[in-house]
Amino acid sequence: MAKLNMVQALNLAMKQEMEKNDNVVILGEDVGVDGGVFRVTDKLFDQFGEKRVMDTPLAESGIVGVAIGMAVYGMRPVCEIQFSGFSYYIFHQLEAHAARLRHRSQGRYQVPLVVRTPYGGGVRALEHHSESREAYFAHTPGLKMVIPSGPRNARALLLSAIRDPDPVIFFEPKALYRAFREEVPDEEETMPLGVPQLAREGKDVTVVAYGAMMFPVMEAADELQEKHGVEIEVIDLLTISPLDDELIVASVKKTGRAVVVHEAPRSFGPGAEIMARLVEKAFYYLETPIKRVTGYDIVFPLAARETAYMPNTQKVVGAVLQTLES
Amino acid sequence: MAKLNMVQALNLAMKQEMEKNDNVVILGEDVGVDGGVFRVTDKLFDQFGEKRVMDTPLAESGIVGVAIGMAVYGMRPVCEIQFSGFSYYIFHQLEAHAARLRHRSQGRYQVPLVVRTPYGGGVRALEHHSESREAYFAHTPGLKMVIPSGPRNARALLLSAIRDPDPVIFFEPKALYRAFREEVPDEEETMPLGVPQLAREGKDVTVVAYGAMMFPVMEAADELQEKHGVEIEVIDLLTISPLDDELIVASVKKTGRAVVVHEAPRSFGPGAEIMARLVEKAFYYLETPIKRVTGYDIVFPLAARETAYMPNTQKVVGAVLQTLES
Amino acid sequence: MPRKEIELPYRIEYLSILDADGNVDKELEPDMPDDLLLKLFKAMLAGRRFDERMLHLQRQGRIGTFPPIKGQEASQLGAVAALEAADWMVPAFRETLAEIWRGKPMENFLLYYAGYDEGSKVEDDRNDLPISVPVGSQMLHAVGIAMAMKYKAQPQVAMTFFGDGATSEGDFHEALNFAGVFQAPVVFVCQNNQWAISIPRAKQTHSKTLAQKAVAHDIPGIQVDGNDVLAVYSAAREAVERARKGDGPTLIECFTYRMSLHTTADDPKKYRSEEEVKEWEKRDPISRFAAYLKTKKLLTDEAVEKLEAEIAKEVQDVVDQAEQLMKEEVDPADMFHHIFAELPPTLVEQREEMLRDSSLGKKEVDHG
Amino acid sequence: MPRKEIELPYRIEYLSILDADGNVDKELEPDMPDDLLLKLFKAMLAGRRFDERMLHLQRQGRIGTFPPIKGQEASQLGAVAALEAADWMVPAFRETLAEIWRGKPMENFLLYYAGYDEGSKVEDDRNDLPISVPVGSQMLHAVGIAMAMKYKAQPQVAMTFFGDGATSEGDFHEALNFAGVFQAPVVFVCQNNQWAISIPRAKQTHSKTLAQKAVAHDIPGIQVDGNDVLAVYSAAREAVERARKGDGPTLIECFTYRMSLHTTADDPKKYRSEEEVKEWEKRDPISRFAAYLKTKKLLTDEAVEKLEAEIAKEVQDVVDQAEQLMKEEVDPADMFHHIFAELPPTLVEQREEMLRDSSLGKKEVDHG
Ligand SMILES: Cc1ncc(C[n+]2csc(CCOP(=O)(O)OP(=O)(O)O)c2C)c(N)n1
Ligand SMILES: Cc1ncc(C[n+]2csc(CCOP(=O)(O)OP(=O)(O)O)c2C)c(N)n1
Ligand SMILES: [Mg+2]
Ligand SMILES: [Mg+2]
C-alpha cells in the first residue's frame, strides 16, 4: 500500500501487468526513453526495453493501426495518444476496424487494445490540449469508453482495460494527474468495466459526473451539506460507454432530482444520454427538470478564459439548488 | 418548375450556383468525369471543366484539407466524401481547422466549405455504406450539420450551405436519392440553416425526425390518423446542429408527448439531445416519457438483417401509441 | 560547401518474365515445381469462372454489389502463392482469388455479397483478416501483425494487398514508414489495376511508378508485370524470403488491369474507352500462362477442357450450397452477436426490444 | 522481359554554401543586396534575443508553455525571405521568427502564450495562417491555397513549414501528392531539427533523408544546410521561382537543430546528450552569418553591439506593451466570438447563462 498520484498509479498498472504478461506492450510518441510527456510510462523503457516500450514515428493512425494488427495476432497493445485533441486522427481506425473486427470476422478475432489519452481542461494548456470529446467514442458501437477519477480507480480500471477482450479507449483526466494521492494497494486490483460507482450517498439530488469533474462535484457535495443542508448522491460513471444506467436510475427514483456534470460541450454531449435514460426509465419519479452543468458549445478558450469556461464547484452548487426550487 | 428527385435537385443547386459564382468549385473522388457514384455531380464536369470539378486522388483528409485552404483563400469549395462511413478520415481536419480557423484567426479568416456525403441505411449496401453518425459532427463546435429530407429542401439547403460563411457538413439520405420526386422551382431558392420545420400539424404527440426517417414518420402519421385517430405533429430538424429547439419546445408544450426518431445508434445519439432540451425547457408540460425509435448500438448489419435494424413505420406507430398510454 | 547528389540506397526495378504471348525469359524463369504451376493455373481459371458466375448471379438479383477481379488473377495468385499457410494475409476487397487460394470457402463470398454477415467469417485454420472496405486502412494491420511476429520471433510473414488508389491515402505511407522503422516482416502488394473507380492511375499521383513510393521510406520497391504470374511469384518469393530472413519489408507494384467493372454498381463506359480494355485483353494473364504451360508440355487443350468441366461443376455446387444456406433460418437478433465478447446491459435491453418488436419476424431476414 | 532499373525524373541534392566558420562557396554564393543581408542578420539576432526573453518570462510564470526556436533562425528566415508580401505562409508552431519577418507583432506572441486568444489574430495585411498545433495537418491548407492561387491565376506562391516529425503523418504525403497532381505553386519547407520531442530523426523514419520523400510524388526535393542562411535562401528562391513560373511544388529539407527545449514543458536531458548540443552550437547559424558579413565588410563588432542595444530596447517595449494589454479588461464572454459568423440561438443562451453565472467576474480572466 502506497500513496500514489494518478500518474504513478497508471504506471503501476502497466508495470505489473507487463511483468506478468509479455503480450502487453506499449507504443506511442515519446512513451519510451522520455517516459511520456506526462511521465505516465516513466521507467518502463528501462525495465522492459525497446521491444516492449516502443517509441513510434509521429503518426497516430499508424500507432493505432499497427496496434490493431498486434491485437489481432494475440498481443495486448497499450497505445498512448499524446493528447485526446489528436485522437481524431485515429477515428477511422477505431471505428472501422478496432470496433468491428470481432464482428467482421464473426468471432474469429478480437481486438484487445487500449488507447490511453489525457483529456480535459484546467491545466492552462495550448490549443487542442484541453478538449473533452468522449461522446464521439461513446457513440461508437463496439468500443468501450472509460474515464477514471482518482489514482486507485485509474489503476484498477486500466488493468481491467488491458485484460478486456475488446478495444477500450481510456481518457485520463490530466487535471487530476498530480492533483492528489490515494492509497493504492501493492497487489493487483481490478474493477469491472461498465459499472458506475456510488461516490457519495444522499437523498436529495442525484449528481452524475466522471473524470476530473468528480473533484468540483465532491466539493459541491460538502458545501451543499454544510451551507444548505442538502445531501446529494454522487455517481461516478467510470465507464461512459456502454453505459449501464441501473445505479443512476435507482438513485433518481430515490431522489427525484438530478444534475449531470461534464466538461464536454453541452449539445449532443454525454449528459444528454444520461437525461434520456432517466426520461425513459425514471420519468415518473422526476420532481423537477434535470440540469446540465457543462462546457459550452464553443472552441475551448486559451488559459485566460479557461476558468470561466470550465464547470466548477459554484456552478454545480447552483444547479443543484435550482433542482430543489419549484 | 420541374419534378425532380433528390439527386437532380442537389445537382441543380450546384449547377446554378456555379454558373453564378466562379468561386464555387467541386472536389472529390469520381465527382468529375464519372459524375459521382450516385450521379449527384452528373454533367457538371462537362459544363464547368476540370478546373472547377476536380477529380482528386483517393484521400479524404487531402480533399478536405485542401478545401480548407481554398476556402480560406476566398473560394467556396464543395467537397464530396463518397460515403459518410469514410468521413472519419477527415475528422481531424474538420475539428481542428475547418471548425476553428475563424476563431483561431480571430475573425480574419472564415472557412465557407461544404462537405457533402451520402449517409444512412436502407439500400442493401456493403459494410461502412449504411451508417448514420451525424452526432459526431453535431457535437463539434464551429461546424454546422445539415440533413435534408426531400428534393426541394435538399436543393434549398445545399444552396444555403454553399453561401454560408461557416463550414457545413451536409449529410444526404441516400435512401431518398431516387425515392420520390417533388416540384422544385427553376429559379433559385434557399432555406435558412438552423431552422427546423413543421412538417405536419397535430395535437396529440410531437414526433421529431430528419433525413430519411421523415419517410416512415410521415407514413406513420397517416396510419395513426386513419387507424387510431391520433394526430401527430411532425418536426423535421433539417439542421441538426447548431440545434434550434424553439419549434420543438413549443410543439411539446402543446402536445405534452414526444417521440424522437433516427437511424443512428441510440446511445449518445441525436435523440438524446432532443430529449435533454425538452427536459430543460418543457419538463412541466410532459405527460409521459419521451420515446426513442432508433438504430441499435451495434455494427450496422449487412443487407439480410438491415430491415430488422432500421426504424420503420410500425416502430414509429408503436412508440407513438405507447406515449399515449398511461 | 557543395551542391551534390545524394546516393539513395535503393533503385527501383521493373520485372517481367513471361510476355503476352507466353514466351519466357529463360534467365529469369523461376524454379517452380510442375504441380505448383498446374495448381496455379487451375486456380486462375477457377477464379475467372467464379467471377463470371458471381456477375451473372448479381445481374439476376441473387447477390448484391460485389467487385469483380477479372484480369487480376495472376497478380493476386502470384503473390499469395509465395506464402506459407502459417503466414498472414491482409486483403483489401478485391482479393477474392487470393482468399480462395488461402482457403476461404467460395460459398462464403456468395453469402457475404447476398448480405449475410456470416459470409465474412474467418475459419479457424486460416491466418487472414477479412476484407477491408475503407481504402488504405488495412496495410497498417499487416504491419502490426508483422511487428508481433517479429516480437514473438515467429518465422512468419504478413502480406497485404491494396490498389493503386490506396497509395494516395496517408495510412499507406504511415504503414510503409512503420514497416521501415521497425523492419517488420511484411510484403506490400499493390494491385495497380490502372483505375480507382473512374480515376486513372495518372491522376492518382504525379509519380511515374507506384513502386518508387518505397524510396520515401528507404525500403526496396519493385514494379512487376502483374499479368505475368511468374514475375509476380518471383518478386513475391524474393520479398517473402527477405522478410522471413529478417531483412524487412518490400513494396511490390503489380502492373495489371481491371478488365471488368469497379463493382457491379459501376459503369466504366462513362470514363474509359473500349479500346483500352481491348488492348489489355491481349495481355490476359490466363492465356499467356496457358501458352507457357503448353510449351512446357504441362498442359493440353484437352486438359483445359477437362478442367473447365470440373470447375463448372465445382462452381455450381458452391452456388447450390450457398443458396441452401441462405434459405436456412437466420435470426435477425444475431446481429447482436460479436459486438463485444459479452453483451452489456444496454445491448441486452435493445436485443429484447428488437425481439418484442411486432413488426419483426423471420420474413424480415431479407433473402438476397 | 527484363529486370531493369527504372529511371526516376528527379535526383535528390544536398546544398551548402556557407560553412560553420562563415567561409563561402563563391560559385554558389547567391546574389543578394547588402541591405537584405543586413536585414536578415538583424532579424536573426532579434529572433534569438526575443526567444531568450520569452524563455525568461516563461520561467518567471509571466507566460505559459511555448516552443523556443533557438538554432533554427536561418532555416526559418532563409525560407520566408524568398517570399513576396502577397505570397502566403502556412506555419506549424515553431516559426516564431518567420512570422515576425512576415509582420506579426511580437507582442502577439506574448499575449498568445499568456493564454489570450487575441494573440493569434491575423492582421489584415498579412496573408498567413495562424499557427497550427496538430502536427502535419497544415501542409494541406497551403496546397489548397496554392490550388486557389492557380485557379485564380494569381502570381502568388504558398510556403508551408513543418518539422521532421511531421513527415511521418499521412497528411504530409497527401499534401505532397495533391501538390504533385495539381502542380500547385507551393513550397514545402521541412525544419528537420533532428528531434520530435524525444524521438530522434533516425527513429522517425528509415529513410536516409527527408528530402527523398519527394520522390514518392515525383516532385523536386533538396536537402540544405539549415544553419546556412544563404543555402536556405538560395533553395527557397529557386523553389519559389519554380512555383511562380507554374512549374509546381518543391520539398526543401533544412538540416538544422533544435538547440533548446521542445517546449518549456520539456526536459531534453532525459533523451539527448549535452555533447550533441555542444556539437551543434559550433554550427550556430548566427555566428557564421556574422563572420560572413564581417568578411564582406558589411558588419563590425561595434555595429553588432549597437544592434544588440536596439534589439534589447525593442524587446523590452514589446514586453511592456503586451503586459499592458493583458492588464486591460478582457471579457470572458468574448470566448463566444468568432465561433460562427452569427451566434446561433443555443450559443446566445449559453452566453447569457455564462454572464448570469455568479461565480464569474472579471477576476475569472486569469492573468498569465
Ligand atoms: C476510404 C475510402 N474512400 C472511398 C471509398 C470508396 N471506394 C471504394 S473502392 C474505391 C477505389 C479504390 O481504388 P483502388 O485502391 O485502385 O482499388 P481497386 O478498386 O482498383 O481494386 C473507392 C474510391 C472507400 N471504400 N474507402
Ligand atoms: C497530431 C499531433 N500529435 C502529437 C502532437 C504533440 N506534439 C507536439 S510537437 C510534437 C513533435 C513535433 O516534431 P517535429 O514535427 O519534428 O517538430 P518540432 O517540434 O521539432 O519543431 C508532438 C509529438 C501534436 N501536436 N499533434
Ligand atoms: Mg485500382
Ligand atoms: Mg523536429
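First the proteins, then the strands, lettered A, B, ... as listed; each starts at 1. Model, not experiment: these values are computed from the prediction.
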Seminar exercise, completed: Looking only at C:D171, C:T167, C:I219, C:L8, most heavy-atom pairs under 4.5 Å shared with chain D are made by C:L8
For this session: List the atom of D:T205, the atom of C:V181, and the distance in Å for their closest heavy-atom pair.
Result: CA-CG2, 3.5 Å
For this session: For the pair D:N177 (side chain) and C:E169 (backbone), establish whether a donor and an acceptor sit closer than 3.5 Å, ignoring hydrogens and angles.
Result: no
Problem set entry | Aromatic plane relationship, D:H173 with C:H173 - under 30° parallel, 30 to 60° tilted, over 60° perpendicular | parallel
Problem set entry | Backbone of C:A216 reached by a side-chain donor or acceptor of D:K213 within 3.5 Å | yes
Exercise. For D:S168, is it the side chain, the backbone, both, or neither that has a heavy atom closer than 4.5 Å to a heavy atom of chain C?
Worked result: both
For this session: Can you measure from NZ (C:K203) to CZ (D:F182) and round to the nearest 0.5 angstrom?
Result: 7.5 Å
Seminar exercise, completed: The interface call for C:L176 against chain D, heavy-atom contacts under 4.5 Å, is neither
Seminar exercise, completed: Note: vs chain C, highest number of non-hydrogen pairs under 4.5 angstrom among D:S16, D:G170, D:A231 is D:S16
Exercise. Any side-chain heavy atom of D:E27 within less than 4.5 Å of one from C:R3?
Worked result: no
For this session: Answer yes or no: is there a side-chain heavy-atom contact under 4.5 Å between C:I6 and D:Q212?
Result: no
Seminar exercise, completed: Rounded to the nearest 0.5 angstrom, the CZ-NZ distance for C:R11 and D:K4 is 16.0 Å
Problem set entry | Per-residue contact mode, C:I17 against chain D (heavy atom under 4.5 angstrom) | backbone
Seminar exercise, completed: Heaviest contributor of heavy-atom pairs below 4.5 Å to chain C, chosen from D:Y14, D:F172, D:Y10, is D:Y14
Exercise. Just how far is it from atom NZ of D:K208 to atom CG of C:D218, taken to the nearest 0.5 Å?
Worked result: 8.0 Å
Exercise. Taking D:A214, D:A179, D:A211, D:G180 one by one, which has the highest count of heavy-atom pairs under 4.5 Å against chain C?
Worked result: D:G180
For this session: Sort C:Q183 into side chain, backbone, both or neither according to what part of it lies under 4.5 angstrom from a heavy atom of chain D.
Result: side chain
Exercise. Measuring heavy-atom distances to chain C, does D:V224 have an atom under 4.5 Å in its side chain, in its backbone, in both, or in neither?
Worked result: neither
